[in-house]
Amino acid sequence: MTVPRSVATFLVNEVLSRPACLIGLITAAGLIALRKSVGQIVGGALKATLGFLLIGAGATLVVGALGPLGGMIQGATGAQGVIPANEAIVGIAQERFGARVAWLMILGFVVALLLARFTPLRYVFLTGHHILFMATLLTMVLSAAGQPAPMVIAVGAVLLGILLVAMPAFAHPWTKRVTGDNSIAIGHFGTAGYILAGVTGRLVGRRSRSTEEWKLPEGLRFLRDSMVATALSMALIYVVMALVYLANAGRSTAFKAFAAAAGGEGAARDLGNYLMQSVMQGLQFGIAVAVILFGVRTILGELVPAFQGIAGKVVPGAVPALDAPIVFPYAQNAVLIGFLASFTGGLAGLALLAWVLHPAIGLALVLPGLVPHFFTGGAAGVYGNATGGRRGAIVGAFLNGVLITFLPALLLTSLGAFGKANTTFGDADFGWFGTLIGYAAKVGPSGGAVAMVVIGAGVLVGAIVFQRRVVERGWDPGGGRIAAGSVTGASTAADGAGAGAEVPLRRHPKIAPPVGAPAPPPPLGD
(Lines give C-alpha, C1' and ligand atoms only; values in the text may rest on other atoms or scores of the structure.)
Protein backbone atom coordinates (compact mmCIF):
# COMPACT_ATOMS: atom_id res chain seq x y z
CA MET A 1 0.00 0.00 0.00
CA THR A 2 2.94 2.34 0.54
CA VAL A 3 3.99 2.53 -3.13
CA PRO A 4 0.47 3.02 -4.59
CA ARG A 5 -0.30 5.55 -1.89
CA SER A 6 2.92 7.44 -2.64
CA VAL A 7 2.19 7.41 -6.37
CA ALA A 8 -1.35 8.63 -5.82
CA THR A 9 -0.16 11.37 -3.47
CA PHE A 10 2.47 12.46 -6.01
CA LEU A 11 -0.08 12.63 -8.82
CA VAL A 12 -2.43 14.75 -6.72
CA ASN A 13 0.10 17.06 -5.08
CA GLU A 14 2.52 17.52 -7.96
CA VAL A 15 0.45 17.08 -11.15
CA LEU A 16 -3.34 16.99 -10.89
CA SER A 17 -3.50 19.65 -8.18
CA ARG A 18 -1.56 22.04 -10.43
CA PRO A 19 -3.97 23.44 -13.02
CA ALA A 20 -1.11 24.56 -15.26
CA CYS A 21 0.35 21.03 -15.47
CA LEU A 22 -3.07 19.47 -16.00
CA ILE A 23 -3.96 21.92 -18.75
CA GLY A 24 -0.57 21.48 -20.42
CA LEU A 25 -0.99 17.69 -20.48
CA ILE A 26 -4.55 17.97 -21.77
CA THR A 27 -3.42 20.35 -24.51
CA ALA A 28 -0.54 18.07 -25.50
CA ALA A 29 -2.89 15.08 -25.66
CA GLY A 30 -5.28 17.03 -27.86
CA LEU A 31 -2.53 18.13 -30.23
CA ILE A 32 -1.24 14.55 -30.42
CA ALA A 33 -4.74 13.39 -31.31
CA LEU A 34 -4.78 16.04 -34.04
CA ARG A 35 -1.44 14.62 -35.31
CA LYS A 36 0.44 17.88 -34.94
CA SER A 37 4.22 18.04 -35.22
CA VAL A 38 6.46 17.63 -32.19
CA GLY A 39 7.24 21.34 -32.24
CA GLN A 40 3.57 22.27 -32.34
CA ILE A 41 2.76 19.87 -29.52
CA VAL A 42 5.53 21.14 -27.26
CA GLY A 43 4.89 24.79 -28.11
CA GLY A 44 1.12 24.54 -27.67
CA ALA A 45 1.41 22.66 -24.38
CA LEU A 46 3.94 25.13 -23.01
CA LYS A 47 1.89 28.12 -24.11
CA ALA A 48 -1.25 26.70 -22.49
CA THR A 49 0.75 26.00 -19.32
CA LEU A 50 2.14 29.53 -19.33
CA GLY A 51 -1.37 30.92 -19.79
CA PHE A 52 -2.49 29.19 -16.60
CA LEU A 53 0.64 30.29 -14.80
CA LEU A 54 -0.25 33.85 -15.82
CA ILE A 55 -3.67 33.38 -14.27
CA GLY A 56 -2.02 32.08 -11.12
CA ALA A 57 0.41 34.99 -11.06
CA GLY A 58 -2.48 37.41 -11.43
CA ALA A 59 -4.38 35.65 -8.65
CA THR A 60 -1.33 35.96 -6.39
CA LEU A 61 -1.19 39.67 -7.15
CA VAL A 62 -4.90 39.96 -6.37
CA VAL A 63 -4.42 38.27 -3.00
CA GLY A 64 -1.50 40.55 -2.20
CA ALA A 65 -3.37 43.67 -3.25
CA LEU A 66 -6.49 42.77 -1.27
CA GLY A 67 -4.72 41.60 1.90
CA PRO A 68 -4.17 45.03 3.50
CA LEU A 69 -7.70 46.08 2.54
CA GLY A 70 -9.14 43.09 4.39
CA GLY A 71 -7.19 44.06 7.50
CA MET A 72 -8.42 47.63 7.24
CA ILE A 73 -12.04 46.53 6.99
CA GLN A 74 -11.72 44.21 9.96
CA GLY A 75 -9.93 46.87 11.98
CA ALA A 76 -12.43 49.56 11.03
CA THR A 77 -15.54 47.51 11.81
CA GLY A 78 -14.22 45.49 14.73
CA ALA A 79 -15.81 42.33 13.28
CA GLN A 80 -14.28 38.98 14.23
CA GLY A 81 -15.23 35.69 12.64
CA VAL A 82 -14.44 33.04 10.06
CA ILE A 83 -12.72 34.11 6.85
CA PRO A 84 -13.48 31.72 3.94
CA ALA A 85 -10.28 30.65 2.17
CA ASN A 86 -10.30 27.44 0.13
CA GLU A 87 -6.53 27.09 0.08
CA ALA A 88 -6.22 27.52 3.85
CA ILE A 89 -8.79 24.90 4.83
CA VAL A 90 -7.44 22.44 2.23
CA GLY A 91 -3.92 22.88 3.58
CA ILE A 92 -5.13 22.13 7.11
CA ALA A 93 -7.02 19.02 6.00
CA GLN A 94 -4.15 17.61 3.92
CA GLU A 95 -2.09 16.99 7.06
CA ARG A 96 -4.68 14.51 8.33
CA PHE A 97 -6.46 13.17 5.24
CA GLY A 98 -3.88 13.49 2.46
CA ALA A 99 -4.01 9.86 1.28
CA ARG A 100 -7.80 9.69 1.27
CA VAL A 101 -8.01 12.94 -0.67
CA ALA A 102 -5.51 11.61 -3.22
CA TRP A 103 -7.42 8.41 -3.95
CA LEU A 104 -10.79 10.15 -3.91
CA MET A 105 -9.62 12.79 -6.39
CA ILE A 106 -8.09 10.32 -8.86
CA LEU A 107 -11.04 7.94 -8.79
CA GLY A 108 -13.49 10.83 -8.96
CA PHE A 109 -11.86 12.18 -12.12
CA VAL A 110 -12.06 8.69 -13.69
CA VAL A 111 -15.77 8.52 -12.80
CA ALA A 112 -16.27 11.93 -14.39
CA LEU A 113 -14.61 10.84 -17.64
CA LEU A 114 -16.79 7.71 -17.76
CA LEU A 115 -19.93 9.76 -17.19
CA ALA A 116 -18.87 12.24 -19.87
CA ARG A 117 -18.30 9.33 -22.28
CA PHE A 118 -21.47 7.37 -21.67
CA THR A 119 -24.09 10.00 -20.71
CA PRO A 120 -25.33 13.17 -22.44
CA LEU A 121 -23.24 15.22 -19.97
CA ARG A 122 -20.28 15.70 -22.32
CA TYR A 123 -18.32 18.03 -20.06
CA VAL A 124 -14.70 17.56 -18.98
CA PHE A 125 -13.93 19.57 -15.84
CA LEU A 126 -10.42 21.02 -16.23
CA THR A 127 -10.12 23.28 -13.18
CA GLY A 128 -7.66 21.08 -11.31
CA HIS A 129 -7.48 23.02 -8.06
CA HIS A 130 -11.27 22.98 -7.68
CA ILE A 131 -11.29 19.22 -8.21
CA LEU A 132 -8.80 19.03 -5.33
CA PHE A 133 -10.90 21.38 -3.19
CA MET A 134 -14.10 19.38 -3.68
CA ALA A 135 -12.28 16.09 -3.06
CA THR A 136 -10.95 17.53 0.19
CA LEU A 137 -14.37 18.81 1.23
CA LEU A 138 -16.02 15.43 0.64
CA THR A 139 -13.25 13.67 2.56
CA MET A 140 -13.68 16.07 5.48
CA VAL A 141 -17.47 15.89 5.78
CA LEU A 142 -17.62 12.10 5.34
CA SER A 143 -14.80 11.53 7.82
CA ALA A 144 -16.32 13.99 10.32
CA ALA A 145 -19.56 11.98 10.14
CA GLY A 146 -17.70 8.82 11.16
CA GLN A 147 -17.70 7.04 7.80
CA PRO A 148 -14.90 4.43 7.40
CA ALA A 149 -12.03 5.24 5.02
CA PRO A 150 -13.08 2.80 2.22
CA MET A 151 -16.58 4.30 2.25
CA VAL A 152 -15.15 7.82 2.19
CA ILE A 153 -13.10 7.04 -0.91
CA ALA A 154 -15.70 4.99 -2.79
CA VAL A 155 -18.78 7.12 -2.16
CA GLY A 156 -16.82 10.36 -2.29
CA ALA A 157 -15.35 9.48 -5.70
CA VAL A 158 -18.79 8.79 -7.15
CA LEU A 159 -20.17 12.05 -5.75
CA LEU A 160 -17.16 14.00 -7.04
CA GLY A 161 -17.46 12.49 -10.52
CA ILE A 162 -21.14 13.37 -10.65
CA LEU A 163 -20.53 16.98 -9.67
CA LEU A 164 -17.76 17.38 -12.27
CA VAL A 165 -20.20 16.70 -15.12
CA ALA A 166 -23.45 17.91 -13.56
CA MET A 167 -22.59 21.46 -12.47
CA PRO A 168 -21.32 22.61 -15.89
CA ALA A 169 -24.56 21.26 -17.38
CA PHE A 170 -26.80 23.16 -14.96
CA ALA A 171 -25.00 26.43 -15.75
CA HIS A 172 -24.61 25.90 -19.49
CA PRO A 173 -27.62 27.87 -20.81
CA TRP A 174 -26.33 30.94 -18.97
CA THR A 175 -22.74 30.24 -20.04
CA LYS A 176 -23.84 30.08 -23.69
CA ARG A 177 -25.65 33.36 -23.14
CA VAL A 178 -22.30 34.86 -22.09
CA THR A 179 -20.01 33.30 -24.70
CA GLY A 180 -22.41 32.99 -27.62
CA ASP A 181 -21.67 29.36 -28.48
CA ASN A 182 -21.08 25.87 -27.15
CA SER A 183 -17.27 25.87 -27.20
CA ILE A 184 -16.65 26.21 -23.45
CA ALA A 185 -18.50 25.59 -20.18
CA ILE A 186 -17.94 26.87 -16.65
CA GLY A 187 -15.92 24.49 -14.47
CA HIS A 188 -15.92 26.24 -11.10
CA PHE A 189 -17.72 25.41 -7.88
CA GLY A 190 -19.38 28.80 -7.60
CA THR A 191 -22.01 27.61 -10.07
CA ALA A 192 -25.02 28.09 -7.79
CA GLY A 193 -24.15 31.79 -7.49
CA TYR A 194 -23.78 32.19 -11.27
CA ILE A 195 -27.13 30.54 -11.95
CA LEU A 196 -28.74 32.71 -9.26
CA ALA A 197 -27.25 35.82 -10.87
CA GLY A 198 -28.46 34.76 -14.32
CA VAL A 199 -31.97 34.05 -13.09
CA THR A 200 -32.04 37.33 -11.16
CA GLY A 201 -30.86 39.25 -14.21
CA ARG A 202 -33.82 38.04 -16.23
CA LEU A 203 -36.22 39.04 -13.46
CA VAL A 204 -34.91 42.55 -12.80
CA GLY A 205 -33.16 43.71 -15.94
CA ARG A 206 -35.42 43.21 -18.93
CA ARG A 207 -34.90 46.80 -20.12
CA SER A 208 -31.52 47.47 -18.53
CA ARG A 209 -28.56 48.33 -20.71
CA SER A 210 -25.43 46.20 -20.68
CA THR A 211 -22.60 47.17 -18.36
CA GLU A 212 -20.39 47.27 -21.46
CA GLU A 213 -22.54 50.06 -22.97
CA TRP A 214 -22.07 52.40 -20.04
CA LYS A 215 -22.18 55.94 -21.39
CA LEU A 216 -19.45 58.17 -20.03
CA PRO A 217 -18.86 61.92 -20.55
CA GLU A 218 -16.21 62.72 -23.13
CA GLY A 219 -13.79 63.74 -20.39
CA LEU A 220 -14.19 60.32 -18.74
CA ARG A 221 -13.84 58.29 -21.92
CA PHE A 222 -10.55 56.87 -20.61
CA LEU A 223 -12.62 54.83 -18.15
CA ARG A 224 -13.79 52.64 -21.02
CA ASP A 225 -10.47 50.87 -20.62
CA SER A 226 -11.31 48.15 -18.10
CA MET A 227 -7.82 48.06 -16.60
CA VAL A 228 -7.90 51.82 -15.98
CA ALA A 229 -11.43 51.72 -14.56
CA THR A 230 -10.61 48.79 -12.28
CA ALA A 231 -7.41 50.36 -10.96
CA LEU A 232 -9.03 53.75 -10.35
CA SER A 233 -12.05 52.27 -8.59
CA MET A 234 -9.92 50.16 -6.28
CA ALA A 235 -7.65 53.11 -5.53
CA LEU A 236 -10.69 55.13 -4.45
CA ILE A 237 -11.98 52.25 -2.30
CA TYR A 238 -8.58 51.91 -0.67
CA VAL A 239 -8.35 55.62 0.13
CA VAL A 240 -11.84 55.67 1.68
CA MET A 241 -11.19 52.58 3.82
CA ALA A 242 -7.75 53.88 4.77
CA LEU A 243 -9.31 57.08 6.13
CA VAL A 244 -12.00 55.15 8.05
CA TYR A 245 -9.37 52.80 9.47
CA LEU A 246 -7.17 55.76 10.45
CA ALA A 247 -10.07 57.38 12.31
CA ASN A 248 -10.88 54.18 14.23
CA ALA A 249 -7.45 52.70 14.90
CA GLY A 250 -5.25 55.77 15.19
CA ARG A 251 -2.01 56.67 13.44
CA SER A 252 0.34 54.25 15.17
CA THR A 253 -1.72 51.24 14.06
CA ALA A 254 -3.04 52.47 10.72
CA PHE A 255 0.36 53.53 9.41
CA LYS A 256 1.49 49.88 9.69
CA ALA A 257 -1.34 48.59 7.49
CA PHE A 258 0.90 48.00 4.47
CA ALA A 259 4.00 46.90 6.39
CA ALA A 260 3.12 43.19 6.28
CA ALA A 261 2.88 43.27 2.48
CA ALA A 262 6.36 44.78 2.39
CA GLY A 263 7.96 42.09 4.56
CA GLY A 264 7.47 43.96 7.80
CA GLU A 265 8.90 47.19 6.45
CA GLY A 266 7.35 50.17 4.80
CA ALA A 267 5.22 51.63 7.57
CA ALA A 268 3.87 55.01 6.50
CA ARG A 269 5.92 58.02 7.59
CA ASP A 270 3.05 60.49 7.61
CA LEU A 271 -0.51 60.98 6.38
CA GLY A 272 0.54 61.78 2.82
CA ASN A 273 2.69 58.68 2.55
CA TYR A 274 -0.11 56.58 4.07
CA LEU A 275 -2.64 57.77 1.50
CA MET A 276 -0.17 57.29 -1.36
CA GLN A 277 0.43 53.71 -0.28
CA SER A 278 -3.34 53.20 -0.46
CA VAL A 279 -3.45 54.58 -4.00
CA MET A 280 -0.56 52.40 -5.15
CA GLN A 281 -2.14 49.30 -3.66
CA GLY A 282 -5.31 49.99 -5.63
CA LEU A 283 -3.30 50.43 -8.84
CA GLN A 284 -1.57 47.13 -8.12
CA PHE A 285 -4.99 45.49 -8.12
CA GLY A 286 -5.62 46.85 -11.63
CA ILE A 287 -2.37 45.26 -12.81
CA ALA A 288 -3.40 41.94 -11.25
CA VAL A 289 -6.70 41.89 -13.13
CA ALA A 290 -4.92 42.71 -16.42
CA VAL A 291 -2.54 39.77 -15.90
CA ILE A 292 -5.46 37.40 -15.26
CA LEU A 293 -7.28 38.52 -18.41
CA PHE A 294 -4.16 38.10 -20.54
CA GLY A 295 -3.65 34.61 -19.14
CA VAL A 296 -7.23 33.69 -20.00
CA ARG A 297 -6.79 34.80 -23.60
CA THR A 298 -3.53 32.88 -23.87
CA ILE A 299 -4.96 29.64 -22.53
CA LEU A 300 -8.06 29.81 -24.72
CA GLY A 301 -5.97 30.31 -27.82
CA GLU A 302 -4.24 26.96 -27.26
CA LEU A 303 -6.53 24.78 -25.19
CA VAL A 304 -9.84 25.01 -27.01
CA PRO A 305 -8.51 24.05 -30.46
CA ALA A 306 -6.38 21.27 -28.96
CA PHE A 307 -9.36 20.01 -26.97
CA GLN A 308 -11.09 19.06 -30.21
CA GLY A 309 -8.55 16.25 -30.53
CA ILE A 310 -9.59 14.77 -27.19
CA ALA A 311 -13.26 15.40 -27.91
CA GLY A 312 -13.09 13.33 -31.08
CA LYS A 313 -11.01 10.48 -29.62
CA VAL A 314 -12.07 10.00 -25.98
CA VAL A 315 -15.33 11.85 -25.30
CA PRO A 316 -17.07 12.65 -28.59
CA GLY A 317 -18.86 15.99 -28.45
CA ALA A 318 -17.08 17.02 -25.23
CA VAL A 319 -17.06 20.60 -23.98
CA PRO A 320 -14.16 21.82 -21.78
CA ALA A 321 -15.31 23.20 -18.41
CA LEU A 322 -12.87 25.93 -17.34
CA ASP A 323 -12.19 28.24 -14.40
CA ALA A 324 -14.37 31.26 -13.56
CA PRO A 325 -12.03 33.94 -15.05
CA ILE A 326 -12.68 32.36 -18.44
CA VAL A 327 -15.83 34.53 -18.71
CA PHE A 328 -14.18 37.77 -17.57
CA PRO A 329 -13.18 39.03 -21.04
CA TYR A 330 -16.78 38.88 -22.28
CA ALA A 331 -17.99 41.68 -19.98
CA GLN A 332 -15.05 43.33 -18.28
CA ASN A 333 -17.01 46.20 -16.72
CA ALA A 334 -19.37 43.63 -15.19
CA VAL A 335 -16.44 41.97 -13.40
CA LEU A 336 -15.68 45.08 -11.35
CA ILE A 337 -19.35 45.86 -10.78
CA GLY A 338 -19.97 42.25 -9.73
CA PHE A 339 -17.06 42.26 -7.30
CA LEU A 340 -18.27 45.43 -5.58
CA ALA A 341 -21.90 44.28 -5.49
CA SER A 342 -20.95 40.83 -4.20
CA PHE A 343 -18.80 42.32 -1.46
CA THR A 344 -21.70 44.59 -0.48
CA GLY A 345 -23.91 41.50 -0.32
CA GLY A 346 -21.31 39.86 1.92
CA LEU A 347 -21.47 42.81 4.30
CA ALA A 348 -25.28 42.64 4.32
CA GLY A 349 -25.11 38.90 5.01
CA LEU A 350 -22.62 39.47 7.81
CA ALA A 351 -24.95 42.01 9.41
CA LEU A 352 -27.84 39.55 9.26
CA LEU A 353 -25.68 36.81 10.77
CA ALA A 354 -24.51 39.10 13.58
CA TRP A 355 -27.92 40.54 14.49
CA VAL A 356 -30.28 37.63 13.82
CA LEU A 357 -28.89 34.21 12.91
CA HIS A 358 -25.93 34.05 15.29
CA PRO A 359 -27.99 34.93 18.38
CA ALA A 360 -30.90 32.74 17.25
CA ILE A 361 -29.22 29.52 16.06
CA GLY A 362 -25.52 30.07 16.74
CA LEU A 363 -24.20 30.35 13.18
CA ALA A 364 -20.64 31.65 12.98
CA LEU A 365 -19.90 35.13 11.67
CA VAL A 366 -18.48 34.85 8.15
CA LEU A 367 -16.42 37.88 7.15
CA PRO A 368 -16.48 38.80 3.46
CA GLY A 369 -13.42 37.23 1.88
CA LEU A 370 -12.27 39.68 -0.75
CA VAL A 371 -10.71 37.01 -2.98
CA PRO A 372 -13.82 34.78 -3.30
CA HIS A 373 -15.97 37.88 -3.73
CA PHE A 374 -13.71 39.07 -6.55
CA PHE A 375 -13.67 35.80 -8.50
CA THR A 376 -17.21 34.54 -7.88
CA GLY A 377 -18.70 38.02 -7.64
CA GLY A 378 -16.99 39.08 -10.86
CA ALA A 379 -18.27 36.00 -12.68
CA ALA A 380 -21.75 36.50 -11.20
CA GLY A 381 -21.69 40.05 -12.53
CA VAL A 382 -20.92 38.72 -16.02
CA TYR A 383 -23.78 36.20 -15.82
CA GLY A 384 -26.21 38.77 -14.42
CA ASN A 385 -25.26 41.24 -17.13
CA ALA A 386 -25.82 38.63 -19.84
CA THR A 387 -29.49 38.27 -18.90
CA GLY A 388 -30.26 41.58 -17.19
CA GLY A 389 -27.72 44.24 -18.07
CA ARG A 390 -26.56 46.60 -15.35
CA ARG A 391 -29.37 45.81 -12.94
CA GLY A 392 -28.80 42.10 -13.46
CA ALA A 393 -25.09 42.46 -12.78
CA ILE A 394 -25.62 44.47 -9.61
CA VAL A 395 -28.53 42.56 -8.07
CA GLY A 396 -27.31 39.14 -9.22
CA ALA A 397 -23.82 39.66 -7.83
CA PHE A 398 -25.25 41.11 -4.60
CA LEU A 399 -27.26 37.92 -4.07
CA ASN A 400 -24.15 35.87 -4.83
CA GLY A 401 -22.42 37.76 -2.02
CA VAL A 402 -25.24 36.92 0.39
CA LEU A 403 -25.13 33.29 -0.73
CA ILE A 404 -21.39 32.85 -0.14
CA THR A 405 -21.83 34.35 3.32
CA PHE A 406 -24.67 32.13 4.54
CA LEU A 407 -23.57 28.85 2.96
CA PRO A 408 -20.07 28.77 4.55
CA ALA A 409 -21.71 29.42 7.92
CA LEU A 410 -23.98 26.40 7.40
CA LEU A 411 -21.09 24.26 6.14
CA LEU A 412 -19.17 24.77 9.39
CA THR A 413 -21.78 22.64 11.15
CA SER A 414 -20.76 19.63 8.99
CA LEU A 415 -16.97 19.91 9.29
CA GLY A 416 -16.62 18.47 12.79
CA ALA A 417 -13.41 19.62 14.50
CA PHE A 418 -12.46 21.55 11.37
CA GLY A 419 -15.44 23.82 12.01
CA LYS A 420 -13.32 25.60 14.62
CA ALA A 421 -10.37 26.26 12.32
CA ASN A 422 -11.40 29.93 11.76
CA THR A 423 -11.54 29.31 8.01
CA THR A 424 -13.73 27.33 5.63
CA PHE A 425 -14.58 26.85 1.98
CA GLY A 426 -15.76 30.03 0.32
CA ASP A 427 -17.62 29.23 -2.92
CA ALA A 428 -21.31 28.43 -3.21
CA ASP A 429 -21.24 24.80 -4.35
CA PHE A 430 -18.95 23.78 -1.50
CA GLY A 431 -21.50 25.23 0.91
CA TRP A 432 -24.74 23.69 -0.30
CA PHE A 433 -23.37 20.31 -1.38
CA GLY A 434 -21.06 19.88 1.59
CA THR A 435 -23.85 20.67 4.05
CA LEU A 436 -26.29 18.32 2.30
CA ILE A 437 -23.84 15.43 2.14
CA GLY A 438 -22.60 16.11 5.67
CA TYR A 439 -26.05 15.71 7.20
CA ALA A 440 -26.78 12.63 5.06
CA ALA A 441 -23.51 11.00 6.16
CA LYS A 442 -24.46 11.39 9.82
CA VAL A 443 -27.27 8.85 9.42
CA GLY A 444 -24.74 6.05 9.92
CA PRO A 445 -22.30 3.88 7.92
CA SER A 446 -24.93 1.99 5.93
CA GLY A 447 -27.84 4.40 6.03
CA GLY A 448 -25.56 7.33 5.36
CA ALA A 449 -24.07 5.63 2.30
CA VAL A 450 -27.55 4.96 0.93
CA ALA A 451 -28.65 8.54 1.58
CA MET A 452 -25.56 9.97 -0.12
CA VAL A 453 -25.95 7.70 -3.16
CA VAL A 454 -29.57 8.80 -3.45
CA ILE A 455 -28.49 12.46 -3.35
CA GLY A 456 -25.82 11.83 -5.97
CA ALA A 457 -28.23 9.93 -8.19
CA GLY A 458 -30.73 12.76 -7.89
CA VAL A 459 -28.14 15.32 -8.98
CA LEU A 460 -27.04 13.13 -11.91
CA VAL A 461 -30.55 12.38 -13.14
CA GLY A 462 -31.53 16.02 -12.75
CA ALA A 463 -28.51 17.11 -14.79
CA ILE A 464 -29.23 14.59 -17.56
CA VAL A 465 -32.86 15.70 -17.79
CA PHE A 466 -31.79 19.35 -17.78
CA GLN A 467 -29.22 18.67 -20.50
CA ARG A 468 -31.75 16.90 -22.71
CA ARG A 469 -34.76 19.16 -22.23
CA VAL A 470 -33.12 22.55 -21.73
CA VAL A 471 -29.52 22.73 -22.93
CA GLU A 472 -29.84 20.65 -26.10
CA ARG A 473 -33.07 22.39 -27.13
CA GLY A 474 -31.32 25.74 -27.10
CA TRP A 475 -33.28 27.53 -24.39
CA ASP A 476 -32.05 31.12 -24.04
CA PRO A 477 -32.27 32.37 -20.43
CA GLY A 478 -32.03 35.98 -21.61
CA GLY A 479 -34.40 35.76 -24.55
CA GLY A 480 -36.87 38.24 -23.09
CA ARG A 481 -34.41 41.15 -22.98
CA ILE A 482 -35.42 44.13 -25.09
CA ALA A 483 -32.83 46.64 -23.89
CA ALA A 484 -31.35 49.03 -26.41
CA GLY A 485 -28.28 47.52 -27.97
CA SER A 486 -29.13 44.04 -26.72
CA VAL A 487 -29.00 40.89 -28.79
CA THR A 488 -31.58 40.60 -31.55
CA GLY A 489 -32.89 37.58 -33.32
CA ALA A 490 -34.35 35.74 -30.36
CA SER A 491 -37.77 34.31 -30.89
CA THR A 492 -40.56 36.22 -29.20
CA ALA A 493 -43.24 33.63 -29.80
CA ALA A 494 -43.27 32.59 -26.17
CA ASP A 495 -43.89 36.15 -25.03
CA GLY A 496 -47.09 36.41 -27.03
CA ALA A 497 -48.40 32.89 -26.70
CA GLY A 498 -51.95 32.67 -25.53
CA ALA A 499 -53.27 30.57 -22.68
CA GLY A 500 -53.02 26.90 -23.48
CA ALA A 501 -50.83 27.47 -26.52
CA GLU A 502 -47.72 25.38 -27.00
CA VAL A 503 -44.78 27.62 -26.17
CA PRO A 504 -41.76 26.86 -28.36
CA LEU A 505 -38.32 27.02 -26.81
CA ARG A 506 -36.20 29.88 -28.05
CA ARG A 507 -33.05 29.11 -30.00
CA HIS A 508 -30.01 30.74 -28.54
CA PRO A 509 -28.70 33.61 -30.70
CA LYS A 510 -24.97 34.10 -31.06
CA ILE A 511 -23.69 37.07 -29.09
CA ALA A 512 -20.68 38.97 -30.40
CA PRO A 513 -18.09 39.26 -27.61
CA PRO A 514 -16.45 42.62 -26.91
CA VAL A 515 -13.23 43.63 -28.59
CA GLY A 516 -10.30 41.67 -27.17
CA ALA A 517 -12.39 38.73 -25.96
CA PRO A 518 -11.17 35.26 -26.94
CA ALA A 519 -12.52 33.87 -30.21
CA PRO A 520 -13.25 30.15 -29.67
CA PRO A 521 -13.40 27.68 -32.57
CA PRO A 522 -16.73 26.35 -33.91
CA PRO A 523 -18.88 24.26 -31.51
CA LEU A 524 -17.63 20.73 -30.83
CA GLY A 525 -20.99 19.20 -31.65
CA ASP A 526 -23.83 17.58 -29.75
Side-chain angles (χ1 to χ4, degrees), residues 66 69-70 73-74 77 79-86 89 137 167 170-171 174 186 188-205 208 211 237 324 327 334-414 423-436 477:
L66 293 179
L69 182 59
I73 292 173
Q74 186 169 352
T77 62
Q80 297 290 331
V82 174
I83 301 177
N86 297 330
I89 190 67
L137 169 66
M167 299 314 295
F170 285 128
W174 291 273
I186 193 73
H188 189 272
F189 287 125
T191 305
Y194 310 148
I195 295 174
L196 176 62
V199 171
T200 301
R202 178 156 185 159
L203 294 176
V204 305
S208 179
T211 58
I237 292 172
V327 301
V335 175
L336 176 60
I337 293 171
F339 163 55
L340 297 176
S342 181
F343 183 76
T344 303
L347 291 176
L350 173 61
L352 188 58
L353 283 173
W355 296 335
V356 180
L357 298 179
H358 176 69
I361 58 178
L363 288 181
L365 301 184
V366 177
L367 300 179
L370 292 175
V371 173
H373 279 290
F374 171 71
F375 287 107
T376 69
V382 174
Y383 277 79
N385 175 69
T387 58
R390 301 170 190 174
R391 287 200 298 270
I394 294 171
V395 180
F398 178 89
L399 293 179
N400 173 79
V402 174
L403 195 67
I404 64 173
T405 301
F406 289 157
L407 290 179
L410 291 173
L411 177 61
L412 287 171
T413 63
S414 297
T423 187
T424 186
F425 294 88
D427 302 334
D429 297 339
F430 297 121
W432 73 263
F433 194 70
T435 302
L436 192 63

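Any value given below was found using the heavy atoms of this structure, including those in side chains, with hydrogens, waters and symmetry copies removed. Residue indices begin at 1 and follow the sequence shown.
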Measuring from [X]:[atom1] to [Y]:[atom2], what's the distance to the nearest 0.5 Å?
X: Ile186; Y: Ile195; atom1: CD1; atom2: CD1; value: 10.5 Å
X: Tyr194; Y: Phe189; atom1: OH; atom2: CZ; value: 11.0 Å
X: Trp174; Y: Thr387; atom1: CH2; atom2: OG1; value: 9.0 Å

State, with a plain yes or no, whether a side-chain heavy atom of [X] is found less than 4.5 Å away from one of [Y].
X: His373; Y: Ile404; result: yes
X: Asp429; Y: His188; result: no
X: Phe430; Y: Thr424; result: no
X: Leu137; Y: Leu411; result: yes

Between Thr211 and Asn385: side-chain donor-acceptor atoms closer than 3.5 Å: yes
Worked check of side chain to side chain contact (heavy atoms under 4.5 Å, CB included) between Thr200 and Phe398: CA-CA 10 Å; Thr200 301; Phe398 178 89; over 6 Å; no
Is it the case that the side chain of [X] and the backbone of [Y] share a donor-acceptor pair, with hydrogens and angles ignored and the cut-off at 3.5 Å?
X: Ser342; Y: Phe339; result: no
X: Arg390; Y: Ser208; result: no
X: Asn400; Y: Ala197; result: no

Reference residue Asp427; test side-chain contact (heavy atoms from CB on, under 4.5 Å); the match among Asn86, Leu407, Leu403: Asn86
